[in-house]
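Protein chains get the first letters and strands the later ones, always in sequence-line order, with residue 1 at the start of each.
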Amino acid sequence: MFRTHTCGELRAADSGKEVTLSGWIQTIRKFGSITFIDLRDRYGITQLVLDETLTEAIEKQNAGREWVIQAKGMVRERSNKNPNILTGDIEIAVSEFKVLNKSAVPPFTIVDDTDGGDDLRMKYRYLDLRRSPLKKNLELRFAINRAARNYLSDKNFIEVETPYLISSTPEGARDFIVPSRLNAHEFYALPQSPQTFKQLLMVSGFDRYFQIVKCFRDEDLRADRQPEFTQIDCEMSFVEQEDVLNTFEGLIKSILKEVKGIEIQGAIPRMSFADAMKDYGNDKPDTRFGMLVKNLKTQHTVHLQTLNESTFDVFNKAETVLAISVPGAAEYSRKQTDELIEWVKRPQIGMGGLAFIKYNQDGSCKSSFDKFFTPDQLTTFAEFCGSEKGDLILILAGKEERTRKAISELRLLMGERLGLRDPEKFNLLWVTDFPLFEYDEEDNRWVARHHPFTSPKPEDVQAMIENSPVITDKENYLQHPYASIKANAYDMVMNGNEIGGGSIRIYQKDLQQKMFAALGIGEEEAQQKFGFLLGAFEYGAPPHGGIAFGLDRVCSILGGSDSIRDFIAFPKNNNGRDMMIDAPGPVAEKQLKELNIKLA
RNA sequence: GGAUCGGUAGUUCAGUUGGUUAGAAUGCUGCCCUGUCACGGCAGAGGUCGCGAGUUCGAGUCUCGUCCGGUCCGCCA
């Protein structure tokens, strides 16, 4: 027996007990003939005290940080208690100890606030995971996992595993490809999600399915994106959108309650895609704060006329003019406004500039374009923007899409600066009524906004069946009937992050074929790639729909971090490399030959 | 595919206008220390300034290229 207790559990009440602990040496503090050792394991840190004899013994062995030792001794209450650790009231008066394993000096300190840089910690991830913050993150992930499993199990969902070696499909992200040795010149693909399999399970009658499952997408990475990531993947039969939303509101509420002790009261608010774009410039609004986007070029307002009467071409000639009113920022200095202007001019934002109006406390307005408008007109702007005295109104003008994206980013930046994005506040939102299709300029065709299995709203089905997907007038693709078809799709948004998304699926063969056709997938290709699904739809497919949550992202938000890597035991860097095992790497010539692969 | 920031001691960083022997903190090693818990004190070791060219009397510093890492845009149904 290596231990009778862990390093996190002994308290003053245990005084007098003879115990054995095993763990890693966190630090050694030596005072001549007495030595203190902080012994660490997964559960905590306990102080060991070594007398003169044992101090000599451990010195002889040159024991240091991260050595693994076993210590036997008596628990005793400390004279100097340490309130910073849970076991701070006691210490172990060691009677004997044993070195279980030596350790090299670690390349960085194994403490909460480590001195190690990112790449070093990635390379020695197994050491980084000894640190308490990382350990807590993995524990949080497990708690979320467990809460999800419990909730879904209680609701009669069945967890079913689906294959990882599947076939490549058109549409969507780039696939990871796996060569098949037994089938020369053929390849598997790793699943971007278990989408079609879960639909087939619905056809099989498993009317409530879930799976906590790895998905793979070979696209460029970000702090919140890994090539392999985990979804809580769910599907239900005999449901409408309302049923799905209700069921999974329950899931996220249950997770928040179990993991953070937060009870969300009432239904999760809903917002249409159109309103989200209009009010936030974004399909995943951060609703922790207001600062809504106002369109100064809206028809039917006096403001358009004001604009047109002036000679301010920056506004007049722009496709759109969008503004936000930043509370209490009228005091911004020239330096601060200049800095914002530079910020919007960065290539990633790409605006030509930024106009602003300071709505001063005394009711006067001072703008960066004073000479084009009368003070009254500026005040009218401010009122239209819903500004209070003391606000700073930031205005961007330019091309529709770029300006919308820019004002959205600017809003988030200002929200951040004003401290309105509290990481301990969790705001949930359903975004609904997404368009079914998006226009792909490059190929002049329609692509699925969600995926090709998403059903159109019932009232839009007719428009899809009756009209050809062909776009004749590229300039005015928005006039095409497909542009206004709405999808039975929904996203769950938390604090400005999409944490889940799903849809009611197509379950009729004809409509699914029409969908493939709309996306430019020919009959032959559809048969070859999705024949199994179309076949299944011939044998009594029930109406069904579902959702998938991004587990990594949920973890990072609940854990108050911007990076999902902190919540993945062995993550990859932004080039998709595992810096610890140094993958990917080359393979032996023999392996390639077996696979019939010749490298270019 | 593009933008941007970084790479100097084991580690985290500083390094002035291009100028003599490249510094600090921490870690490491040795000695001292009986109540520390970020222990303390003294001493010491530790550097291919990512790599390669170039400019220059002289490059950690300037230029070009390249590799590696971070963040972002495109991309991610």
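Rounded to the nearest Å, the gap between the P atom of B:rG52 and that of B:rG44 is 33 Å. B:rU20 sits 46 Å from B:rU34 when the P atoms are compared, rounded to a whole Å. Across B:rC28 and B:rG65, the matching P atoms stand 42 Å from one another, rounded to whole Å. Rounded to a whole angstrom, the distance from the P atom of B:rU11 to that of B:rG27 is 15 Å. Across B:rA9 and B:rU61, the matching P atoms stand 15 Å from one another, rounded to whole Å. B:rU48 and B:rA22 have their P atoms separated by 13 Å, given to the nearest Å.
Defined by atom type and a distance below 3.5 Å, a donor-acceptor pair is missing between the side-chain atoms of A:Glu171 and A:His451. For the residue pair A:Tyr280 / A:Asp286, no side-chain donor-acceptor distance below 3.5 Å is found, with atom types taken as modelled.
In this structure, A:Leu120 reaches the sugar-phosphate backbone alone: every heavy-atom distance under 4.0 Å involves primed, P, OP1 or OP2 atoms, never a base. Using a 4.0 Å heavy-atom criterion, one finds that A:Pro107 contacts the sugar-phosphate atoms exclusively. Among the heavy atoms of the strands, none lies under 4.0 Å from A:Arg553.
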Worked verdict on A:Leu48 versus A:Leu50 for side-chain contact (heavy atoms from CB on, under 4.5 Å): CA-CA 7 Å; A:Leu48 310 178; A:Leu50 276 60; 4.2 Å; yes
Apply side-chain contact (heavy atoms from CB on, under 4.5 Å) to residues A:Trp343 and A:Ile349 and explain how you reach the verdict. CA-CA 8 Å; A:Trp343 189 85; A:Ile349 302 293; 3.8 Å; yes
Apply side-chain contact (heavy atoms from CB on, under 4.5 Å) to residues A:Arg40 and A:Ile25 and explain how you reach the verdict. CA-CA 6 Å; A:Arg40 182 191 67 236; A:Ile25 295 176; over 6 Å; no
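At B:rG69, one or more side-chain N or O atoms of A:Asn575 fall inside 4.0 Å of OP1 or OP2 (strictly under the cut-off). Remark: A:Arg225 is not in phosphate contact with B:rC72, judged by side-chain N or O atoms under 4.0 Å from OP1 or OP2. Not one side-chain nitrogen or oxygen of A:Arg222 sits closer than 4.0 Å to the OP1 or OP2 atom of B:rG74. Taking only side-chain nitrogens and oxygens, A:Lys405 comes nearer than 4.0 Å to OP1 or OP2 of B:rG74.
Rounded to whole Å, the distance from CG on A:Asn574 to P on B:rG6 is 17 Å. A:Leu412 places its CG atom 11 Å from the P atom of B:rC73, with the value rounded to the nearest Å. At whole-Å resolution of the value, CG in A:Asp224 and C1' in B:rC75 are 13 Å apart. If you take NZ of A:Lys572 and C1' of B:rG70, they are 18 Å apart, rounded to a whole angstrom. Look at CD1 on A:Ile564: it is 15 Å from C1' on B:rU71, rounded to the nearest Å. The distance from atom CG of A:Asp566 to atom P of B:rG70 is 12 Å, rounded to the nearest whole Å. Between the P atom of B:rU26 and the CG atom of A:Asp112 lies a distance of 19 Å, rounded to the nearest Å. Remark: C1' of B:rG27 and CD of A:Gln26 are 14 Å apart, rounded to the nearest angstrom.
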What string of B, S and - do you get for nucleotides 36-50 of chain B 5' to 3' if you count protein non-hydrogen atoms under 4.0 Å? BB-B-----------
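Here the OG1 atom belonging to A:Thr454 is positioned 10.0 Å from the CD1 atom belonging to A:Ile504, to the nearest 0.5 angstrom.
Between A:Phe176 and A:Phe187, the ring centre distance reaches or exceeds 6.0 Å. Ring centers of A:Phe216 and A:Tyr164: under 6.0 Å apart, within the cut-off.
For A:Arg577, taking side-chain heavy atoms from C-beta onward, the closest of the listed nucleotides B:rG69, B:rU11, B:rC76 is B:rG69. When the nucleotides B:rG74, B:rC76, B:rU71 are ranked by their closest atom to the side chain of A:Ala173, B:rC76 comes out on top.
A:Arg131 and A:Asp112 are not joined by a salt bridge, as no carboxylate oxygen comes within less than 4.0 angstrom of a charged side-chain nitrogen. The pair A:Glu401-A:Lys405 meets the salt-bridge criterion, with a side-chain N (NZ, NE, NH1 or NH2) lying under 4.0 Å from an Asp/Glu carboxylate O. Electrostatic pairing of A:Arg553 and A:Asp224 counts as a salt bridge here, judged by a charged N lying under 4.0 Å from a carboxylate O.
Pairing of B:rU36, defined by two Watson-Crick or G-U wobble distances under 3.5 Å, is not identified with any nucleotide.
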Just the table, please: protein N/O against nucleotides 28-30 of chain B N/O, every pair under 3.5 Å.
from: B:rC28; atom 1: OP1; to: A:Arg65; atom 2: NH1; distance (Å): 3.4

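RNA chain B is contacted by both A:Thr109 and A:Glu171; A:Thr109 maps to the nucleotide lying nearer its 5′ end (nearest heavy atom per residue).
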